[in-house]
Number of protein chains: 2
Amino acid sequence: MITLSDVAKKANVSKMTVSRVINHPGQVTDELKQLVFAAMKDLDYRPNVAAKALANNRSQVIKFFILEDIDTTEPYYMNLLFGIAKGLDEKQYALQLVTSRNYDLGNSDGYIITGARAKDQEWLDRLEKPAVVFGENRYGYDFVDTDNKQGTTMATEYAIAKNYQSLVFIGIDVKEAFEYSREAGFINTMQQHQMIPKIYRMANHSHLSEQFINDNWQKFARNTAFICASDRLAIGIVRGLAHHDAAIPNDFGVFGFDGVFLDQVSNPKLATVKQPIQEIGRLCARMLLQKIAQSGSPQGELLVTPELVIRDSMRK
Amino acid sequence: MITLSDVAKKANVSKMTVSRVINHPGQVTDELKQLVFAAMKDLDYRPNVAAKALANNRSQVIKFFILEDIDTTEPYYMNLLFGIAKGLDEKQYALQLVTSRNYDLGNSDGYIITGARAKDQEWLDRLEKPAVVFGENRYGYDFVDTDNKQGTTMATEYAIAKNYQSLVFIGIDVKEAFEYSREAGFINTMQQHQMIPKIYRMANHSHLSEQFINDNWQKFARNTAFICASDRLAIGIVRGLAHHDAAIPNDFGVFGFDGVFLDQVSNPKLATVKQPIQEIGRLCARMLLQKIAQSGSPQGELLVTPELVIRDSMRK
DNA sequence: TTGTATGCGTTATCAA
DNA sequence: TTGATAACGCATACAA
């Protein structure tokens, strides 16, 4: 194993100079810096993460809490995880995956948290190390999320532009910020176009939205578009419509939200608001590492613009 | 932070005794052990992972390589990951997620690898640290996997018991061990019942199996069951059959394989061979940690029995 | 700007 | 069976 000392010897400097080249390059003359860089490259030096962690009183580990039930877990967590892993990797951090609140909080430098609901506030407040939340919240926790409001705004604008006469929002029946924002995007856009926003809410299961169409089929005239708060709900709507031999997308449009996996499983494939989940994961990691570097100072909120993906469930 | 020394002081012993109680309890008298345990509990001692790693010349990190393309990634990787994370956690190991072969192999104590195909053999051979593979292989790499042969055996037996007269296997068109095993389970069982095994193969996409049914619809008499090598293929078969208004499960049965997510998205829901993916992940982790502890000695193969889940696509 | 000495928490070695 | 000491690789404080 190549250590700092080996590099120092090779470059004819002390190991502190090498350490400084890595951590405080401004304090070293360019001349020495060149020598040290050359030696590091020659020897293919790789810093020892454990030693660095010990000396810094750090662990180089962050814990990722998924507070939702795993079985109901959305496939997009996989992408989130990839993004986080990449972001952490850039700074030689490793990951610990946690699925329970009553978990050892030690041996880590900070937390990324997802699936946090309003009831988790107390728990979040007790956390002693820097934390970043994935998912909009209105309690002041630093977070990264898709710009949910912008997402439904874009979808609604699209549906209006494609001349669907009546728009219906199918929301998720939870009192959470992401849902409020998605509804707000819909409502505001409708009002701007002087159209009446109609909203129905239900739990996030495709069989419920499918049932909803079956129960209310007669209520919806041709030329209606359903803007859904999730791809899961959208899939159910598509199924319900198909069951009544409705023409998609000509007579009825369906817009999903998420754009991870489910949209492509649907038949016909879903138009959807695609969240850049992997990018968000990476940003979560970066935000947390920066927060750690700044000994916990607030990072605010970061909203990432989603992308409209137009597929067979909407007019083109 | 509570350290070994703190515990030692409290228990009136040297820190080496405390260290031994943790790592080599056999070398310490019961009397002292009690004292030390009491002190550890009193002070809520948590070992410092970084220090342990440094002293042992370890990193307490393992890397998880996913060699498949992320976009085509099956949602079951999420469950695999959870299992691995839990298994690692038991020994205070953290995780690094990697998606590229040309990756830094340093700063880790071992590797768990998935998505490895035959062409990856050379790369696998060059690995210098202990590795465990998720997924059957016939090149002698230690692995954990579902008992694929047993899975299709169970499914085939079930279909025969439910009096489907003709059975067709829809396989994945790859030259990989898991596929051979799944086919073998089907073939052997058919032969035992003196039935003719028919096999078709295609790439693992639902639209291909759907197309397959459309192209070959006239070939399949009523009372046929399709045993599929994946839920993805099974979904396409179901769709193709539905397109011809076939009665499922009365006239046609469909059996999937995997039992992670996709089976429940299908409509009707799929009967499937459910792999205990999370458990497999945990076993991968345990196998690797044991291999590390045994300085790399071979661990052999571990096949885990899957579970038949009977749902609406097969007679009950 | 550069170098020396010391400590981070743990474990292995060796002596008692 | 137990304890003292050194060592793991790096970074901070301080001296030069």
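Everything numeric here is computed off the predicted structure, so don't read it as measured data. The sequence lines fix the lettering, A, B, ..., with proteins before strands; numbering per chain opens at 1.
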How about B:S59 and B:D109: does a side-chain donor come under 3.5 Å of a side-chain acceptor?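 Short answer, yes.
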Under the 3.5 angstrom rule, does the side chain of B:K129 hit a backbone N or O of B:S108 as a donor-acceptor pair?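 Flag set: sc B:K129 to bb B:S108 pair under 3.5 Å.
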Let me have a per-nucleotide readout for nucleotides 10-16 of chain C, 5' to 3', with B, S or -, counting only protein heavy atoms under 4.0 Å. BBB----
Tell me, please, which residues at least two apart from A:L302 pass side-chain contact (heavy atoms from CB on, under 4.5 Å). A:V144, A:L283, A:M287
side-chain contact (heavy atoms from CB on, under 4.5 Å) partners for B:K91, two or more places apart: B:Y93, B:L289
Gap between atoms CD and P, on A:Q60 and C:dC8 respectively (whole Å):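 It works out to 19 Å between those atoms.
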Would a line drawn from the ring center of B:F261 to the ring center of A:F261 be shorter than 6.0 Å?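 Yes, close enough.
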For the pair B:K10 and B:D42, find out whether any cationic side-chain nitrogen is under 4.0 Å from an anionic carboxylate oxygen. yes
Provide the start and end nucleotides, 5' to 3', of the part of DNA chain D that has atoms under 4.0 Å from heavy atoms of chain A.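 Extent of the interface on DNA chain D: D:dG9 to D:dT12.
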Ring pair (Phe, Tyr, Trp, His ring centres under 6.0 Å) pairs, two or more places apart, involving residues 113-133 of chain B: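 Of all non-adjacent pairs touching residues 113-133 of chain B, those that pass ring pair (Phe, Tyr, Trp, His ring centres under 6.0 Å) are B:F65-B:W123.
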Please tabulate, one pair per line, all N/O donor-acceptor pairs under 3.5 Å involving side-chain atoms of residues 27-35 of chain B, not counting sequence neighbours.
{"from": "B:K33", "atom 1": "NZ", "to": "B:P25", "atom 2": "O", "distance (Å)": "3.1"}

